Every structure is written in C-alpha cells, then in structure tokens.
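Keep in mind the model is a prediction, meaning the values are calculated, not measured.
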There are 2 protein chains.
Amino acid sequence: MGGRRAQKSRGAWIAAAGEALARGGIEAVAVEPLARALGVTKGSFYWHFADRRALLDAVLEAWQRVGTEGIIERVEAKGGDAADRLRTLWQLASAEAGLDVEMAIRDLAARDEHVAEVVAAVDRRRMDFVRARLRELGFDAGEVEARGFACYSLIIGNHFIGVGHGRRSRRRVIADAFEILLTR
Amino acid sequence: MGGRRAQKSRGAWIAAAGEALARGGIEAVAVEPLARALGVTKGSFYWHFADRRALLDAVLEAWQRVGTEGIIERVEAKGGDAADRLRTLWQLASAEAGLDVEMAIRDLAARDEHVAEVVAAVDRRRMDFVRARLRELGFDAGEVEARGFACYSLIIGNHFIGVGHGRRSRRRVIADAFEILLTR
DNA sequence: ACCTGAACACCGTTCAAGT
DNA sequence: ACCTGAACACCGTTCAAGT
C-alpha cells in the first residue's frame, strides 16, 4: 500500500509477466525471455525487482485488485435484485480474461503461505458479497453459509472442471444449480 | 494400456517427480535435482524418458489411475446408500494426499490440450459416479445434471477456496450444502 | 535513475563412451 | 540394458561500468 513511484517500465514488466503467466503458466514467467520481449537486457530487470519472486508478487497484487473490487463494481453497475446480481457475478467471472492467471495463482497458493493469504483475502471479499446477497434473499446464517459456499464453488468449479453435459449446455446446468441454491 | 516393461528405476523417477510436484509445483519437477535425489546423473534420465515432458506425462497417467478408480473403489468398499456414498466421496477426496498434485495438474490443463483431455476423463469418470448416485435418489435427468455438477463443484471447490466460515467448520458448511443438494 | 555487458551457477538436452 | 561424463544452450542473479 502507497509509496511506489511510477517508474516507466516497472508496469511494463508486470503486464508482460501477467500475460506470460496466462499464456504459459508459472514457468513462462522467466526473466530472460521477458527481457527479450521488452527489448532490454535481463540485467535491467534487477533494477526494478529484487528477483523473480518480487515480480510474481507484483502480478499477484495486480490480480488481487482486479479479482475483487474490479469484478464486484461491474456486478453492482449492472444492477438487478440479489439473485440477479449473483447470476451476473458468475457470468462475469466465467467470461473473465484472467481465468488462467487465477488458476496459476491458486496452484501457487497450495505451496506458498503468502500467496495463500492473498487468495484467501480475495475469496473472503467475494464470499462476503455472495453472503450479503443471500441474506437479502432472507436466508438465515447457517443457510447463507452453506448456500453461499455452494454458489461460490459453482463459480470456481465452472472453470476448473472439464466435463461435458450431453446436449445440455454448461451455462444451463449452472443456471439450474443456482436456481436450486437460491430457492428455499 | 499395456506394452511397458517394468524397468527398475523408471518407476522411481515417476514417484520422485510426483512427490516434487506435490511439494514444489511444476517448477520443482526438474531433471537435475531429481537425479541428485535419486543418486544418479541427469544424463541417465534420458535413457528412461524422451524429455522432461515425458516424465510429466507419466505422472499424469499415474494420477489418472489413482484419481478415478482408486478413490471410487474405496467409496464403494465403505458402502451405505446413495447419499452416504456421495458424502464419503468428498470426505475421501478432501483427505487425499494427492490434492496438491491435482491442483498443479488442473493448472497445466488450462494451457495444454493433452493434459486437459486427461483431466476431462477424470472429471467425466467422477461425475458419472455422482450422476449415478443422484439417479438412485430419484432425480430426473435435468436435476441430476444441475445437482451433480453442484456436488462435484463442492468437492473441487473445497480445496481450492481459501475462505473461513466464522465459528462454523468447513466440514459442517459442506455437509449442510450437500443436504440441500441431495434433498428435493 | 535506469540500463548494458560480462561473469557465474544451475538446469535441459545430446551423445559418445563405458559396464 | 542402463549409466557416466563432458559438452552446449539457456535462464537466474550479481555487479561494475556506462549514460
């Protein structure tokens, strides 16, 4: 939080690293190839960042902002009642360009305490949003937690689970599941 | 699929790679460190495998076996009615040692067609199991698909979502969610 | 303030040579 | 049949030197 001066190419490194992470996963966030792509020597990387890990942390921080307030603001802008807003949330979440980045970051979180904390903060923020909507629908605390976790699992599961549904569309299956979870 | 002769140390490479994948993610599956751990030179690796990618494929294949038939056999062995079996499934799935491996593999699947196909086959096998149990509970095809996907999302979401539930336990929250999904 | 260039250690891959 | 050892290319990191 606060105090970073906007150096011209620090942001360029972070953007390039984010794209590499989306395209090729963690292994593609490699200093030398990134330097080549940016048209500088890899030596210059170490002016902006302590090491590769610091670059990953910067990508993580950017993802945190976009993955919480970014998406929630867009849901609120679209409007509708509580159930509409939850449906909008998963639609935006599933259309998101940052899905592959999110996947890679959740994988990192499995083995890195700091990454896990950031992911937990993002999940907390999103779950709080889901909980608030379910409360508006009149569910009690226990129901809010069970149905809320199931709704959020649906959103996460949607891009992690690689299964087909016969002639039914995934969109339809999830809409039906939401219907069950949003109805008493 | 048959035809492989059981070379003494091929299996040792695969086991070591699996442990490295669980412990340190994809980047930890590195030929030279693995060779050091196994007490051989990295040059010898290339007798057993074409390249690093082939080692990863072998780990993937092993995961596929354990992640489908392995877990399903244990659920069937434990017994109970359809709802009991679904609850056993997520209990075993969440206690599983291979969770970190599964996470890493799902991350790889986001960018690799072949990995994605194997993950899809695993998801299909598990979802078929879930579907069959829901059919036994008397749900029609549409309900089976919606509730089944939500149940499976719960199982997957459980180890991907890093959120707390106040004084409620995760175990309790998921049990409640299952209750909702298994009840008309 | 930001970058280059050279250096070094480490890892992926190849291959001729050993047993 | 299985492994070693040396070689080479590539990437992470450091640092003295440039502008």
Colleague: Can you tell me the distance, in whole Å, between the CH2 atom of A/Trp13 and the P atom of C/dA1?
Modeller: 19 Å

Colleague: Taking A/Glu69 first and then A/Arg125, would you say they form a salt bridge - that is, a charged N and a carboxylate O separated by under 4.0 Å?
Modeller: yes

Colleague: Is B/Ser9 near enough to D/dC3 that one of its side-chain N or O atoms lies under 4.0 angstrom from OP1 or OP2?
Modeller: yes

Colleague: Just the dot-bracket of DNA chain C, please: which string comes out with Watson-Crick or G-U pairs under 3.5 Å, [ ] for crossing, | for another strand?
Modeller: ||.|||||...|||||.||

Colleague: For A/His48 and C/dT4, what is the distance between atoms NE2 and C1' respectively, to the nearest whole Å?
Modeller: 13 Å

Colleague: Taking only Lys NZ, Arg NE, NH1 and NH2, and the carboxylate oxygens of Asp or Glu, determine whether A/Arg147 and B/Glu179 approach each other closer than 4.0 Å.
Modeller: no

Colleague: Report yes if a side-chain nitrogen or oxygen of A/Arg10 is closer than 4.0 Å to either non-bridging phosphate oxygen (OP1 or OP2) of C/dC2; otherwise report no.
Modeller: no

Colleague: Scan nucleotides 12-19 of chain C nucleotide by nucleotide, 5' to 3', and note B when protein non-hydrogen atoms come under 4.0 Å of the base, S if they reach only the sugar-phosphate, - if neither.
Modeller: BBB-----

Colleague: Below 4.0 angstrom, N of the basic side chain to O of the carboxylate: do A/Arg184 and A/Glu143 qualify?
Modeller: no

Colleague: With sequence neighbours excluded, what pairs up with B/Arg131 under the side-chain hydrogen bond (donor to acceptor under 3.5 Å, both in side chains) test?
Modeller: B/Asp128, B/Glu145

Colleague: Donor-acceptor pairs under 3.5 angstrom involving side-chain atoms of residues 150-163 of chain A: please list them, not counting sequence neighbours.
Modeller:
from     : atom 1 : to       : atom 2 : distance (Å)
A/Tyr152 : OH     : A/Arg106 : NH2    : 3.3
A/Tyr152 : OH     : A/Asp123 : OD1    : 2.6
A/Tyr152 : OH     : A/Arg126 : NH1    : 3.0
A/Ser153 : OG     : A/Phe149 : O      : 2.9
A/Asn158 : OD1    : A/Arg170 : NH1    : 3.1
A/His159 : ND1    : A/Ile155 : O      : 3.4

Colleague: Show the atom names and distances, to 0.1 Å, of all donor-acceptor pairs under 3.5 Å that link a side chain in residues 14-31 of chain A to residues at least two apart or in another chain.
Modeller:
from    : atom 1 : to      : atom 2 : distance (Å)
A/Glu27 : OE1    : B/Arg52 : NH1    : 3.3
A/Glu27 : OE2    : B/Arg52 : NH1    : 3.1
A/Glu27 : OE2    : B/Arg52 : NH2    : 2.4

Colleague: Under 6.0 Å from the ring centre and within 45 degrees of the ring axis: does the NZ or CZ of B/Arg87 meet both conditions for the six-membered ring of B/Phe178?
Modeller: no

Colleague: Excluding sequence neighbours, so at least two apart, what forms side-chain hydrogen bond (donor to acceptor under 3.5 Å, both in side chains) with B/Arg124?
Modeller: none

